[in-house]
Amino acid sequence: QVQLVESGGGLVQAGGSLRLSCAASRSIFSFGTGSWFRRAPGKQRELVATITSGGLTNYADSVKGRFTISRDNAKNTVYLQMNSLKPEDTAVYYCFGAGSTSYWGQGTQVIVSS
């Protein structure tokens, strides 16, 4: 069983930045895909960003140019750097790791005030 632990959420003013971290208890991101999802109040969960084992990245249109997903294989950690945050980025952000089996983190709250 792999555990994913997110951190880095919090309250920030619009225009500010946060960096989310997702630490895995075992090495899964080196061989699989790491992703960040989010669920805003009253909305469905949406895919925010993905990074493959080969380092390819993909972003939701709503965050392109503002968010950056990255990975540190030595630390079994995936990051989400979020810049120029907007109130509509307010959500619970979830880490997802997919290899031979998939895993979810518990979520971290991000609140962007206007």
Side-chain angles (χ1 to χ4, degrees):
Q1 185 73 13
V2 176
Q3 290 185 327
L4 302 181
V5 179
E6 301 104 330
S7 61
L11 174 64
V12 64
Q13 288 188 333
S17 298
L18 285 173
R19 188 176 81 154
L20 305 183
S21 299
C22 173
S25 57
R26 287 199 288 114
S27 177
I28 62 169
F29 298 125
S30 301
F31 310 104
T33 297
S35 301
W36 287 95
F37 287 78
R38 67 185 180 187
R39 176 172 283 162
K43 296 186 178 181
Q44 291 187 333
R45 184 175 59 198
E46 66 169 335
L47 176 63
V48 176
T50 296
I51 185 166
T52 68
S53 57
L56 296 177
T57 59
N58 191 43
Y59 299 92
D61 288 342
S62 59
V63 307
K64 281 181 181 177
R66 300 188 297 122
F67 290 12
T68 303
I69 189 170
S70 61
R71 185 185 67 220
D72 186 332
N73 292 337
K75 296 182 178 180
N76 298 331
T77 299
V78 169
Y79 303 98
L80 185 68
Q81 178 66 43
M82 306 186 295
N83 298 328
S84 302
L85 282 161
K86 304 175 181 180
E88 51 264 44
D89 295 318
T90 294
V92 178
Y93 284 72
Y94 297 91
C95 178
F96 177 75
S100 57
T101 310
S102 59
Y103 304 94
W104 287 96
Q106 82 288 352
T108 185
Q109 176 76 58
V110 171
I111 299 174
V112 183
S113 63
S114 57

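Throughout, numbering of the chain's residues begins at 1 and tracks the sequence.
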Working to the nearest 0.5 angstrom, can you tell me the gap between [X] [atom1] and [Y] [atom2]?
X	Y	atom1	atom2	value
Arg71	Thr77	CZ	OG1	11.5 Å
Gln13	Ser114	CD	OG	9.5 Å
Asn58	Ile51	CG	CD1	11.5 Å
Ile69	Ser35	CD1	OG	6.0 Å
Thr33	Ile28	OG1	CD1	10.0 Å
Ser62	Asp89	OG	CG	7.0 Å

Measure across [X] and [Y] and return the closest heavy-atom pair with its distance rounded to 0.1 Å.
X	Y	value
Val78	Gly34	CG2-CA, 4.4 Å
Ala60	Leu47	CB-O, 3.4 Å
Ala14	Pro87	CB-CD, 4.1 Å
Ser113	Leu11	CB-CD1, 4.4 Å

Could you see if Val48 belongs to whatever hydrophobic cluster contains Leu85? Use Ile, Leu, Val, Met, Phe, Trp, Tyr and a side-chain cutoff under 4.5 Å. yes
Transitively linked via ILVMFWY side-chain contacts under 4.5 Å: Tyr94 with Met82?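 No, no single cluster joins them.
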Looking at residues at least two apart in the chain, or sitting in another chain, which of them share a side chain to side chain donor-acceptor pair (under 3.5 Å) with Thr68? none
Can you pull the ring-ring contact (aromatic ring centres under 6.0 Å, His included) pairs that have at least one residue in residues 8-47, sequence neighbours excluded?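 Every ring-ring contact (aromatic ring centres under 6.0 Å, His included) pair that includes a residue of residues 8-47, provided the two are not neighbours, is Phe37-Phe96, Phe37-Trp104.
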Applying ring-ring contact (aromatic ring centres under 6.0 Å, His included) as the test, list every pair that has at least one member in residues 41-84; sequence neighbours left out. none
Taking side-chain contact (heavy atoms from CB on, under 4.5 Å) as the criterion, tell me which of Thr108, Leu20, Val110, Val63 meets it with Arg38.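 For Arg38, the side-chain contact (heavy atoms from CB on, under 4.5 Å) test succeeds with only one of Thr108, Leu20, Val110, Val63, which is Val63.
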With sequence neighbours left out, what residues match [X] under side-chain contact (heavy atoms from CB on, under 4.5 Å)?
X	value
Arg26	Val2, Tyr103
Ser7	Ser21
Gln109	Thr90, Val92, Ile111

Taking atom CD of Glu46 as the centre, does the number of heavy atoms from other residues, nucleotides or ligands within less than 6.0 Å exceed 12?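 It does: Glu46 CD has more than 12 such atoms within range.
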Test your reading of the model: is there a side-chain donor-acceptor pair from Glu6 to the backbone of Cys95, 3.5 Å cut-off?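 Flag set: sc Glu6 to bb Cys95 pair under 3.5 Å.
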